[in-house]
Structure formats: structure tokens, C-alpha cells
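Given the structure is predicted, the values throughout are model-derived calculations rather than measurements.
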Amino acid sequence: MFKGLLITQEDKKSTASVVELKEDQLPEGDVLVEVHYSTLNYKDGLAITGKSPVVRSFPMVPGIDLVGKVLQSDSERFTVGDFVVLNGFGVGEVHWGGLAQKARLKSEWLIPLPKGIDAKHSMAIGTAGYTAMLSVLALEKQGVTADSGEILVTGANGGVGSFAIRLLNRLGYHVVASTGRMGESDYLKSLGASDIIDRNTLSEQGKPLQKERWAGVIDCVGSHTLVNACATTKYGGVVTCCGLAQGMDFPASVAPFILRGIKLIGIDSVMRPLQDRIEAWQRLSELLQPEDFDSMSEEIGLEDVVETANKLLGGKVRGRVLVNVKAS
């Protein structure tokens, strides 16, 4: 028996609670993992609270991230005792995820825990840090350098935003953070933001083309914020899009694309090819330092997840939420 957070549904109403589970309840997979840490992401919050139809089948163990030790393996890629990391692939949505003390998974979803990052720190990074790194890599590969100009990061207090600021700062970029919590300005500056702007300057409908400012953008918000970010990006600039905290809509004009030649690049972290994952995690291990993790994350146990999920969706959590499933 082991503990896990299980979401059940009755009369189209879902409920999440910590329960005792058995190994034979786990779904199919060729690797059995003893989970050490998971995380609480925005998508997990939606699944746990039932505020969005993230979960595709019930019952479901949520948790799109996990790190742990291999207990059994029918894969040539992993042996018993190996530490592995998982992000995405529909885990926590269609396949039982990381918010339990054990998980059975497909080996093609897993990568080895990168050298230079321990298990706890890998989940302090989690999908949020991994997505932030993919976004930064996209800017780099499109030729946006530290000398190109200011980089805007929206949704700056969230997990992706926090890591994006830190990573960009380590690479020498001039970062401007957009947030709805101006009281967190000192926190954002401690991560490396040079300037802070109120999200209200971007969140309302604006003109199709506005004054050019950004050489690049990492957007975690979507909707009018993303539209205005595009409208204020400099000629030839690059905008990456990885979130929808404001909305899934994109009520935009083609003007920034056909008159300024900007690029809008979608960042998918869920089904990303293996090589991209390895590259992103390798760069994370090179750029992040031990002191980064405590400032950007808080640790909770399984019993605290449901309450924290509600706080997360209410905008009352900053940075990353690390879940120590073994402590529960």
C-alpha cells in the first residue's frame, strides 16, 4: 500500500483526496518508479479543483511532474536504482501521475536525472523551469541575444515567469517583468528583473501596432496580454507563448507579423521530443545554482495539495510548489 492523491467523479462533480492505493491499481507501463517529489503546476490546480476539464478519465492521480527511483524495469534504457525525471506526456490527465508515492510509466516518457541536479531540485524546477528553458532556447535559436534589447516576461510571479527571469538574467539579458502583484517587485528584482511593469498596461484591448519596445517576449498569459506584447515587439523580434493564465483567446491583428516581421513561437512542453528535453535539462543544470531553488519554491506534503491548489488558482502563490510525497 502507498499514499496518493486521487481525483474521483460522481454526478459530473470531481473530488480530490489523499487515499491508500495498491500497486495493482496503477496503469500499464514498463517502469515502476518510487516517487520522491512531484510538483503543483497550474494545470494540476485546474485538475484538482475541477475548474477545468483537464482530467480525461477517472479515477486519476494528478501530477504532471515527478522524480524518483526505478523499482522495476522492463526497459533497456533504465535499471533498478536509476533516478528518472518525467514532465508531461499526458501524465496526470490520461495516465496516473506524480502526486502519489509510486507510479508506473512508459520508459519513452522518462529521462535520466541530469548530473548536477539532485532529485529535490529537479522538481523545484519541474515543468515550469523546463518550459522557461525551452522558451529561452527558442529566443536564442532565433538570434535574440543579450545585445538585442529588452526582453518582456509576462506572468512574472508564476513558476515559468520566475525561472524565465532567472535564466535570462544569468545569460546577460535585460529583463522587464510584468505582474499583477506589484508588491512582489523586490522578489522579481532579486531574480534578475531590471524593471517591473503592472500587467494592467498590457491586459486590455490595445491598438494593433504600438510603440516598439521588446526584442523578445516570454508570454505565460495569453489573450490581450499576448496581443499587446506582439504589438509592442520591435521589428524582427520574437515572441514565445506557453501559457493561458488570462485566457485561451488571441484577439489579434496580423499587423505586427506582416509590417514588422515578428515571429510568434508556441512552446509545447507536453509532447516535446526526447532530444529537446535532454538539451533543456542540460542547460538548466549549467545555468542554475543551489541558491536559486529556495528563493523560487516552497515545499508541501500530499495532505496540503488541495488547499494549495485553490491558493494557486487564486493567484496567491508565487514561484514553484514542490510536493514531497514521501513525507506524507
Side-chain angles (χ1 to χ4, degrees), residues 1-29 33 35 37-66 86-106 109 123 126-128 131 155 157-160 180 220-223 242-249 268-271 298-318 320-328:
M1 302 289 289
F2 61 93
K3 288 184 178 181
L5 183 71
L6 193 68
I7 304 174
T8 56
Q9 187 179 68
E10 186 173 348
D11 297 327
K12 296 185 178 180
K13 182 179 180 180
S14 61
T15 303
S17 57
V18 177
V19 299
E20 293 283 339
L21 298 168
K22 298 179 180 179
E23 278 188 20
D24 59 12
Q25 293 177 263
L26 293 170
E28 292 183 359
V33 176
V35 181
Y37 292 94
S38 184
T39 64
L40 183 63
N41 293 282
Y42 193 81
K43 185 181 286 187
D44 298 318
L46 292 173
I48 292 163
T49 61
K51 292 185 178 180
S52 183
V54 170
V55 176
R56 312 289 178 83
S57 64
F58 295 90
M60 177 61 60
V61 172
I64 65 174
D65 290 332
L66 65 84
L86 179 138
N87 310 108
F89 285 112
V91 171
E93 302 173 67
V94 297
H95 187 102
W96 283 20
L99 287 170
Q101 293 171 335
K102 291 184 182 180
R104 186 176 287 119
L105 306 157
K106 294 183 179 180
W109 298 343
M123 286 298 101
T127 286
T131 302
N157 278 103
V160 177
C220 312
V221 177
S223 193
C242 66
L244 43 72
Q246 185 179 4
M248 210 174 209
D249 59 324
D268 166 58
S269 61
V270 177
M271 304 303 294
E298 63 172 300
E299 183 175 327
I300 64 172
L302 275 177
E303 301 288 349
D304 306 312
V305 168
V306 174
E307 179 183 358
T308 309
N310 282 285
K311 291 180 180 178
L312 177 65
L313 295 192
K316 298 178 181 178
V317 173
R318 77 178 186 191
R320 300 282 294 136
V321 179
L322 176 71
V323 183
N324 184 345
V325 298
K326 295 186 72 178
S328 302

Let's go through Val55 and Ser14 carefully: what are the C-alpha distance in whole Å and the side-chain angles of both, what is the deciding distance for side chain to side chain contact (heavy atoms under 4.5 Å, CB included) to 0.1 Å, and is it a yes or a no?
CA-CA 10 Å; Val55 176; Ser14 61; over 6 Å; no

Rounded to the nearest 0.5 angstrom, the CE-CG distance for Met123 and Leu322 is 8.5 Å

Could you tell me whether a side-chain N or O of Arg104 sits under 3.5 Å from a main-chain N or O of Gln25, the two making a donor and an acceptor?
no

Over all heavy atoms of both residues, which pair between Gly45 and Ala309 is shortest? Give the atoms and the distance, please.
CA-CB, 4.0 Å

Among Asn41, Val305, Ile48, Leu40, exactly one meets side-chain contact (heavy atoms from CB on, under 4.5 Å) together with Leu312. Which residue is that?
Leu40

Can you tell me if Gln246 uses its side chain to pair, donor with acceptor, with the backbone of Val221 under 3.5 Å?
no

Below 30° counts as parallel, above 60° as perpendicular, anything between as tilted: where do the rings of Trp109 and His95 land?
perpendicular

Kindly indicate, with the supporting measurements, whether the criterion side chain to side chain contact (heavy atoms under 4.5 Å, CB included) is fulfilled by Leu21 and Trp96.
CA-CA 12 Å; Leu21 298 168; Trp96 283 20; 4.1 Å; yes

Looking only at non-hydrogen atoms, find the nearest pair between Thr39 and Gly126 and report the distance.
CG2-CA, 4.5 Å

Is the shortest side-chain heavy-atom distance between Ile64 and Phe89 below 4.5 Å?
no

Please indicate whether Met1 has more than 12 foreign heavy atoms, meaning atoms of other residues, nucleotides or ligands, lying under 6.0 Å from its CE.
yes

Would you compute the distance between atom CD of Gln101 and atom CG of Asn324 and round it to the nearest 0.5 angstrom?
9.5 Å

Return yes if some donor-acceptor pair links the side-chain N/O of Ser38 with the main-chain N/O of Asp65 below 3.5 Å, else return no.
yes

Over all heavy atoms of both residues, which pair between Cys242 and Val160 is shortest? Give the atoms and the distance, please.
SG-CG1, 3.8 Å

In sequence, state the C-alpha distance, the side-chain angles, and the governing distance for Thr308 and Val323, and then conclude on side chain to side chain contact (heavy atoms under 4.5 Å, CB included).
CA-CA 10 Å; Thr308 309; Val323 183; over 6 Å; no

Which value, rounded to the nearest 0.5 Å, describes the distance between Leu66 atom CG and Asn87 atom CG?
8.5 Å

Value rounded to 0.5 Å, distance of CG in Leu313 from NZ in Lys51
5.5 Å

Can you tell me if Glu20 has over 12 outside heavy atoms packed within less than 6.0 Å of its CD?
yes

Enumerate, atom names and distances included, each donor-acceptor pair closer than 3.5 Å involving a side-chain atom of residues 4-13, sequence neighbours excluded.
none

Using only atom types and a distance under 3.5 Å, with no angle test, would you say the side chain of Asp44 pairs donor to acceptor with the backbone of Gly63?
yes

Kindly write out the residues that satisfy side-chain hydrogen bond (donor to acceptor under 3.5 Å, both in side chains) with Asp268, not counting sequence neighbours, or none if the list is empty.
none

In short, salt bridge (Lys or Arg N to Asp or Glu O under 4.0 Å) pairs touching residues 91-101 with sequence neighbours left out are Lys43-Glu93, Arg56-Glu93

